[in-house]
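The block underneath contains the structure these notes are about, expressed in structure tokens.
A quick note: this is a predicted structure, and the numbers were derived from the prediction, not measured.
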Amino acid sequence: MPLVVEDGSGLPNADAYVSLEECDDYHSAMGNAAWVADDDDADNIAAREAAIRRATAFIDRKYNGRFRGRRQGASQALMWPRWNAIDADGFVIEGVPDTVKYATCEAALRAYQGTDLMPDMERGGQVIQETIGPISTTYAAGAPAGTRFSIIEGLLAPCLVEAGVRAVRA
């Protein structure tokens, strides 16, 4: 089933922030050889499209409470586009920002490589100590559970509350 890419109008059936071609172009430009763009292999195409869908779902679920503005409509499938989102320089963020698209591409690469972007966490993932053979891991109290994807968070920063983005109230 082909991707339904959000076009900035708030589609009710969108399942992706980027097209397969956009994601291929991004990874080619970034030199990400792990993203194998083989358009002669149907299984590879399906795997990349599935990775884009998982990445889009990850971006929406992980960051939706931190995005500035509000969804344009109740029937839209994804968190973007948004109304009243203003960046730190005072510019309106319209449609699906490139930073959201790039973050989706980065998350798709990880999903394509087999990383579970939102794994289930036993007891919230707050490991106190784990020893396997001679290797031991202990986390500080209050350490966040799960993996942090610094490049994804960095790309999304202009669209997040913590990045100095402010909302304009009508």
Report yes if some heavy atom in the side chain of [X] is under 4.5 Å from a heavy atom in the side chain of [Y]; otherwise report no.
X: Ile93; Y: Arg82; answer: no
X: Glu6; Y: Val100; answer: no
X: Leu3; Y: Arg53; answer: yes
X: Trp80; Y: Ile59; answer: no

Check your understanding: Mind checking what makes side chain to side chain contact (heavy atoms under 4.5 Å, CB included) contact with Tyr26, not counting sequence neighbours?
Key -> Met30, Asn32, Tyr102, Cys105, Glu106, Leu155
**Study point:** Qualifying residues under salt bridge (charged side-chain N to carboxylate O under 4.0 Å, His left out), relative to Glu153, sequence neighbours excluded
**Key:** Arg148
Check your understanding: By salt bridge (charged side-chain N to carboxylate O under 4.0 Å, His left out), which residues pair with Glu22, not counting sequence neighbours?
Key -> Lys101
Review point. At what distance, to the nearest 0.5 angstrom, does CE of Met118 lie from CZ of Arg54?
Key: 14.0 Å
Practice item. Could you tell me the separation between the CZ atom of Arg68 and the CG atom of Asp87, rounded to the nearest 0.5 Å? Key: 12.0 Å
How close do [X] and [Y] get, heavy atom to heavy atom, and via which atoms?
X: Cys159; Y: Pro97; value: SG-CG, 3.7 Å
X: Gln113; Y: Ala34; value: NE2-CB, 3.0 Å
X: Gly8; Y: Gln72; value: O-OE1, 4.0 Å
X: Ser19; Y: Ile52; value: O-CD1, 4.0 Å
X: Ala14; Y: Ala77; value: O-CB, 3.3 Å
X: Pro158; Y: Thr99; value: CG-CG2, 4.2 Å

[X] and [Y]: same hydrophobic cluster, using ILVMFWY side-chain contacts below 4.5 Å?
X: Phe67; Y: Val18; result: no
X: Leu160; Y: Trp83; result: no
X: Val5; Y: Trp35; result: yes
X: Val36; Y: Leu109; result: yes
X: Tyr17; Y: Leu11; result: no

**Study point:** Contacts of Ser9 that satisfy side chain to side chain donor-acceptor pair (under 3.5 Å) - sequence neighbours left out
**Key:** Asp7
**Study point:** For Arg71, side chain to side chain donor-acceptor pair (under 3.5 Å) partners two or more places apart
**Key:** none
Review point. Got a sec, which pairs hit salt bridge (Lys or Arg N to Asp or Glu O under 4.0 Å) with one end in residues 24-38, sequence neighbours left out?
Key: Asp24-Arg48
Practice item. Go through the steps for Ile152 and Arg110 under the test side-chain contact (heavy atoms from CB on, under 4.5 Å), then give the verdict. Key: CA-CA 11 Å; Ile152 294 168; Arg110 285 144 182 84; 4.3 Å; yes
